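Notes follow the structure.
All residue numbers in this chain count up from 1 along the given sequence. Because the structure is predicted, anything quoted here is derived from the model rather than measured.
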Amino acid sequence: MMEKGDPSQKLYTRMRLWEFPDQYVVEPTDGSCGSCLEISRVDGSVKLIDEVPECTSVRVPKIQKIFGVIGILKLLAGSYVLVITDHECIGSYFGHPIFKVSSMKFYPCDQSLKNSTAEKKNMEAQFSALLNVIERTPGLYFSYDVNITLSAQRLHDLGDESKMLPLWRQADPRFVWNNYMMEQLIDNKLDPFLLPVVQGSFHNFQAAIGKDIIDVTLIARRCNRRAGTRMWRRGADSDGFVANFVESEQIIQLKGYTASFVQVRGSIPLLWNQIVDLTYKPKFEIVRIIEAPRVVERHYLDLRKKYGNVLSIDLVNTHGGEGRLSEKFANAMQHVAADDVKYLHFDFHHICGHVHFELLSILYDQIEDFFIKNRYFLLNEKDEKVELQLGVLRTNCIDCLDRTNVTQSMLGRKMLEFQLRRLGAFDAEETISSHSNLDESFKLLWANHGDDISIQYSGTPALKGDFVRCGHRTAQGVIADGCNALTRYYLNNFVDGTKQDAVDLLQGHYIPAVSRDMKPSSQKGSLETKASFPLALALILTGLFFAMLSLRKVRHDLRSLIYAVVWASISLGIAAFVKANGRMFCNRPSLHQSRR
């Protein structure tokens, strides 16, 4: 299917990083005989040189094998080079290897910091701490040979001239995780070092259907336009870009045919947020509601341009805060609804509850006409287009994680059965469930897909994953959901603020700057320093534990009732204090910044 590009534009696949006292040198070691990349450790400037400088007793370099240069990030006083230090091959995309980043590391170019003021050094240290967060970013994938930012249909439609361009120029910038970090390398025309990286998910499996072998791949591509963490990035921005926007592509290869089916998910495209305040479910706040029609219109205009017809499936509750948000969404959709844009509300929790997810068949009955008419992308054995996908299903709940993943996995299953009947592998009434190996592998594929997307946005695997993985709810799955829900609560309140700052820094959403009104950090011994949520949580749980023990002894000793009340009161008192001082406990750094 794919034609290889111009050999002169090929990316270097193996490199050696020479760490000299005053410079870094990246030397290609894959036999390509290309120029070396020199990066100044004083100011982060880059240029090509013919060979590695000579080593002397004064200039003894450290040497590190690397597998790609992700980009350069500039802070206050210096620049930092991010490189891939380890990777693993996890599959292929149309015959080309796909790699997952196993580890990466920032190398500082900050020698000019020595002459900076104490204030600037302090701010640089704060920003530098965020680089450690970026180094631990999960779910990063890349290829040296093929553009993985494009779906099979868009990849096939690339013109011959486009296929000869470097990968970064072919790429869809929405899905290039390091798009901002590559800017300095792009400005210096360093194409062989420009490696587009995608955040998302990549899983595949093979299974037998009779004498035929089917290869199934599931890819997620996360958009960088409104990137962030669960409670810190909600809704849309004024341009219509939404939080947690992910394109999921399910690809099958069978009997020489290749079929692709694309779905998308994304936050409700209104200007809304949830302010972290230590409550389990912070209040939904809709801002500038008068702008809602314009924001929604921009969002769906962009979807129509990229995917064609759109059916938007809204899975949120009809009551409470979710209901009010859904109502505003439905009202705004009236201004954009047309033959090529449709909206459907399906109250997932009301209809399916927490266990009866098989009732999603009700939803499928309502969308089946759109589902069948808008088809999927199909190539025959001669690499000729047989079908085109004419539209896309856009699914959302509040987080676009748990309910969304259960729903999308159902739609992926329906489409796979539809395709297998078309290719003659299934009879008219045959289903995936009748092939145990295919069924189990498919469930695991979508469960892992959902977990990957959820970990990147919320910090935990997806809830309701036992249904996707097993086909029904299990006691173990319900317990795991409870643990993951508590973990999300902790992460959202006490970890994700810092993580959001790191994402904003990475994507260039703010430019580091020293603020004149910067206040000194709290003195040692202050309440803010001593306040510790983990300690408070431990005290609350300890109090509840002893309260439960005391209650068990009430029938034998009435004094135990008093003890139970005392322990419970202590726990409630601590909980009330934590809530009242919620802002103090949240870990969002007060970094001063100028927005880009």
Side-chain angles (χ1 to χ4, degrees), residues 70-82 104-106 108 110 113 119-140 177-181 183 197 199 222-235 237 241-245 267 273-278 282 399 455-460 487-522 528-529 531-533 582-596:
I70 291 179
I72 299 175
L73 193 60
K74 184 171 179 57
L75 299 186
L76 286 173
S79 297
Y80 296 78
V81 184
L82 183 58
M104 52 187 178
K105 181 180 178 180
F106 275 103
D110 59 354
L113 190 62
E119 181 185 32
K120 199 169 186 179
K121 289 179 180 178
N122 181 44
M123 285 299 294
E124 185 82 357
Q126 291 187 49
F127 282 113
S128 297
L130 299 178
L131 303 185
N132 297 327
V133 179
I134 296 174
E135 288 177 343
R136 298 192 296 271
T137 302
L140 300 180
W177 177 79
N178 56 329
N179 196 49
Y180 173 68
M181 292 187 67
E183 287 185 359
V197 176
Q199 186 179 29
R222 177 175 295 282
C223 181
N224 58 29
R225 298 296 170 82
R226 191 163 166 75
T229 57
R230 180 171 171 254
M231 287 293 181
W232 299 89
R233 271 295 176 273
R234 294 295 210 187
D237 61 19
F241 297 116
V242 296
N244 201 24
F245 185 88
S267 191
N273 55 44
Q274 283 181 283
I275 304 299
V276 174
D277 60 1
L278 284 180
D399 297 330
I455 287 169
Q456 292 158 23
Y457 188 54
S458 73
T460 76
T487 302
R488 283 184 183 182
Y489 171 79
Y490 172 74
L491 293 174
N492 296 158
N493 283 279
F494 310 103
V495 175
D496 286 351
T498 299
K499 190 175 177 182
Q500 185 64 55
D501 277 337
V503 172
D504 287 341
L505 187 67
L506 168 76
Q507 299 298 340
H509 294 161
Y510 62 63
I511 306 300
V514 177
S515 173
R516 292 181 179 178
D517 61 351
M518 179 181 167
K519 297 179 180 179
S521 56
S522 302
E528 288 86 352
T529 304
S532 167
F533 174 77
R583 297 283 179 184
M584 173 203 322
F585 281 81
C586 293
N587 77 326
R588 180 73 166 179
S590 57
L591 298 177
H592 299 276
Q593 69 248 13
S594 56
R595 291 285 164 183
R596 194 182 185 218

Should [X] and [Y] count as side-chain neighbours, where that means a heavy-atom distance under 4.5 Å?
{"X": "Asp496", "Y": "Met231", "answer": "no"}
{"X": "Tyr489", "Y": "Leu278", "answer": "yes"}
{"X": "Leu73", "Y": "Leu131", "answer": "yes"}
{"X": "Ile70", "Y": "Trp177", "answer": "yes"}
{"X": "Arg225", "Y": "Phe245", "answer": "no"}
{"X": "Tyr457", "Y": "Arg222", "answer": "yes"}
{"X": "Met104", "Y": "Leu140", "answer": "yes"}
{"X": "Ile275", "Y": "Pro282", "answer": "no"}

Test of understanding: with side chain to side chain donor-acceptor pair (under 3.5 Å), list the residues that count as partners of [X], not counting sequence neighbours.
{"X": "Arg226", "result": "none"}
{"X": "Asp399", "result": "Arg230, Arg234"}
{"X": "Gln199", "result": "none"}
{"X": "Ser128", "result": "Tyr80"}

Working to the nearest 0.5 angstrom, can you tell me the gap between [X] [atom1] and [Y] [atom2]?
{"X": "Leu76", "Y": "Glu124", "atom1": "CG", "atom2": "CD", "result": "5.5 Å"}
{"X": "Thr137", "Y": "Asn178", "atom1": "OG1", "atom2": "CG", "result": "11.0 Å"}
{"X": "Lys499", "Y": "Leu506", "atom1": "NZ", "atom2": "CG", "result": "12.0 Å"}
{"X": "Lys121", "Y": "Asp110", "atom1": "NZ", "atom2": "CG", "result": "11.0 Å"}

Check for a donor-acceptor pair, side chain of Trp232 on one end and backbone N or O of Thr498 on the other, with a separation under 3.5 Å.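 No.
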Using modelled atom types only, decide if a donor and an acceptor are shared between the side chain of Ser267 and the backbone of Gly235 within a distance under 3.5 Å.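 At least one qualifying donor-acceptor pair exists.
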By side chain to side chain contact (heavy atoms under 4.5 Å, CB included) - contacts of [X] (at least two apart):
{"X": "Ala502", "result": "Leu130, Val133, Ile134"}
{"X": "Thr460", "result": "Ser454, Ser458, Asn484, Thr487, Arg488, Leu491"}
{"X": "Asn224", "result": "Asn179, Gln507"}
{"X": "Lys74", "result": "Ser79"}

Between Asp504 and Arg233, does any NZ, NE, NH1 or NH2 come within less than 4.0 Å of an OD or OE carboxylate oxygen?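 A salt bridge is present here (some side-chain N lies under 4.0 Å from a carboxylate O).
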For side-chain contact (heavy atoms from CB on, under 4.5 Å), just list the numbers for Met181 and Leu82, CA-CA rounded to whole Å, side-chain angles, deciding distance to a tenth of an Å, and then say yes or no. CA-CA 9 Å; Met181 292 187 67; Leu82 183 58; 3.7 Å; yes
